[in-house]
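We count ligands from 1, going down the list as the structure has it; atoms in each ligand are counted the same way.
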Amino acid sequence: MNAPVQPSMLIKGATGDWEVVIGLEIHAQVTSKSKLFSGASTEFGGDPNAHVSLVDAAMPGMLPVINEECVAQAVRTGLGLKAQINLRSVFDRKNYFYPDLPQGYQISQYKSPIVGEGTVVVDLPDQDSFTVGIERLHLEQDAGKLLHDQHPTMTFVDLNRSGVALMEIVSKPDMRSADQARAYVTKLRTILRYLGTCDGDMEKGSLRADVNVSVRRPGAPFGTRCEIKNVNSIRFMGQAIDYEARRQIGILEDGGVIEQETRQFDAVKGETRAMRSKEEAHDYRYFPDPDLLPLELTQAYVDALKAHLPELPDEKKARFIRDFALKSEDAGVLVSERESADFYEAVLGQLADKARDGKLAANWVINELFGRLNKEGGAIATSPVSATQLAAIVDLIGDGTISGKIAKDLFEIVWTEGGDPRAVVETRGMKQVTDLGAIEKVVDDIIAANPDKAEQAKAKPAMVGWFIGQVMKSSGGKANPQTVNDLLKTKLGL
Ligand code: ADP
Ligand code: MG
């Protein structure tokens, strides 16, 4: 189950193959109304410094008070990552100077984080799923933001983000390609969204990645890593990894050594650039924050949070496969976003016979509805066809009222004009003809009009397909294909 290394993932250098090794530190903003240690709002997009308490501005003598909801969110996330929850954790001061950090330190967790080791199962199309180890998850404060573009000679500081709770989720160096790293972040984001612990919105900065990259000869010990800071899109992350791996290979093949350093990704040029040499932990003079007691949780508290955890994508996927015999790939598509899974479940909930038609419903949700939404750039939330309407269409196919082919016309009508699918079928006369007499007449007419073909079919039974086509055409697609097939075989003597 570990990250598979396939020959195609190795990078060809001038002197042979190289393997890239990737570990990610994800900063995920905790979904909560107020900040980690103050009551100020976390709302996005307020006027600069509109959401700043005296604690966030680090006024002398202000004391931090832990926000219980942020703790609960971190524990939920840990449980969702199948991770060890540490009943005792400690907040430390990480000391550094930066103009957007009025305290002169960040309250973080260092040696005793709230969450320990866990795992994330990642799926890649056309590959086996693999597991990425989670090293730890800790809670920490975000810093403020410097605004350089507001005044010709001054820089302004906006402390709205100062003190907002972040979860830093540190992976093990378990990824071996940009594709794997992208798939991991995508999966992690899905889990966070299911849990409701982070909205995963990379554009608003709710999810940022520090990307650690090193290269080595296949099977050799790990090489020295460089850390690319604050990558804020999954696409850029892939570009940064590929560029960085190439850069390191170039240096090593020229006989050089990799300096451990912190780099940044320039999205315009598509390259990484050195920012500073890597600081060591001792540079930060970590020590337990004397204003905060160690955080102690009871097992009962953790168990209660666990009992109320929503069903997560992996479990949902397994259930869809088990209950409705979905293909793993299809179930994967449905659970990949919470909205997609919710839509499918809403359809299921309204089917007349979900054991019979659950799989059919999945096909319709994925191929017709999502396919159409993708093509037109629409979102599920504003889909012109509702779950109720789609369930009605699937019911009509499932109980034999309409054929799959007519159902596509019906879908088109409901998509463009709306309406109750059952009523549309009635008023437009779209019902499938299962009446044997009516179909028989059409079949007889077509055989009578084509005696030569009927003769040929006796020698070449595959020609029955041509007759089926003719009958379907002359019935306007409404004849039940199975009935037509059976009748033709008898009449043609096949
Ligand atoms: P630091 O604070 O020094 O960045 P962390 O423990 O927070 O250290 O994070 C280290 C990150 O670097 C982890 O995600 C880990 O998986 C990754 N990592 C460690 N060694 C390597 C390596 N040789 N190549 C790539 N990534 C690595
Ligand atoms: Mg780091």
Give the table of side-chain donor-acceptor pairs shorter than 3.5 Å for residues 250-257, with sequence neighbours excluded, one pair per line with atom names and distance.
{"unit_1": "Glu253", "atom_1": "OE1", "unit_2": "Ala14", "atom_2": "N", "d": "2.8"}
{"unit_1": "Glu253", "atom_1": "OE2", "unit_2": "Ala14", "atom_2": "N", "d": "3.1"}
{"unit_1": "Glu253", "atom_1": "OE2", "unit_2": "Thr15", "atom_2": "N", "d": "3.0"}
{"unit_1": "Glu253", "atom_1": "OE2", "unit_2": "Thr15", "atom_2": "OG1", "d": "2.6"}
{"unit_1": "Glu253", "atom_1": "OE2", "unit_2": "Trp18", "atom_2": "NE1", "d": "2.9"}

Looking only at heavy atoms, is any part of Leu24 under 4.0 Å from ligand 1, and if so is it the side chain, the backbone, or both, or is it neither? backbone

Residue Phe222 vicinity, atoms of ligand 1 by number, heavy atom under 4.0 Å: 23 (N)

For Gln29 and His27, test the side chains for any donor-to-acceptor distance below 3.5 angstrom and give the result as yes or no. no

Pick from Asp174, Val213, Ile258, Asn212: the one approaching atom 12 (O) of ligand 1 most closely through a non-hydrogen atom: Asn212

Looking only at non-hydrogen atoms, which of Gly23, Ser171, Ala209 approaches atom 13 (C) of ligand 1 most closely? Ser171

For Val170, atoms of ligand 1 separated by under 4.0 Å from a heavy atom: 9 (O), 13 (C), 14 (O)

Structural part of Glu227 in contact with ligand 1, heavy atom criterion under 4.0 angstrom: side chain

So which of Glu227, Arg225, Met175, Gln248 actually passes side chain to side chain contact (heavy atoms under 4.5 Å, CB included) with Val213? Gln248

With the threshold set at 4.0 Å, does a side-chain nitrogen-carboxylate oxygen contact exist between Glu337 and Arg193? yes

Does Arg285 have more than 12 heavy atoms from other residues, nucleotides or ligands lying within 6.0 Å of its CZ? no

Counting each atom of ligand 1 from 1 as listed, which ones have a heavy atom of Gly223 under 4.0 Å away? 23 (N)

In a table with atom names and distances, give each donor-acceptor pair under 3.5 Å that connects a side chain of residues 194-203 to protein atoms at least two apart or in another chain.
{"unit_1": "Tyr194", "atom_1": "OH", "unit_2": "Val335", "atom_2": "O", "d": "2.7"}
{"unit_1": "Thr197", "atom_1": "OG1", "unit_2": "Thr77", "atom_2": "OG1", "d": "3.0"}
{"unit_1": "Asp199", "atom_1": "OD1", "unit_2": "Asp201", "atom_2": "N", "d": "2.9"}
{"unit_1": "Asp199", "atom_1": "OD1", "unit_2": "Ser206", "atom_2": "OG", "d": "2.9"}
{"unit_1": "Asp201", "atom_1": "OD1", "unit_2": "Glu203", "atom_2": "N", "d": "3.1"}
{"unit_1": "Asp201", "atom_1": "OD1", "unit_2": "Lys204", "atom_2": "N", "d": "3.4"}

Quick one: does Pro173 get an N or O within less than 3.5 Å of an N or O on ligand 1? yes

Under 3.5 Å, is there a donor-acceptor pair between the Gln109 and Ser89 side chains? yes

Side chain, backbone, both or neither: which part of Lys172 comes within less than 4.0 Å of ligand 1 when only heavy atoms are counted? backbone

For ligand 1, which atoms have a heavy atom of Val21 less than 4.0 angstrom away? 24 (N), 25 (C)

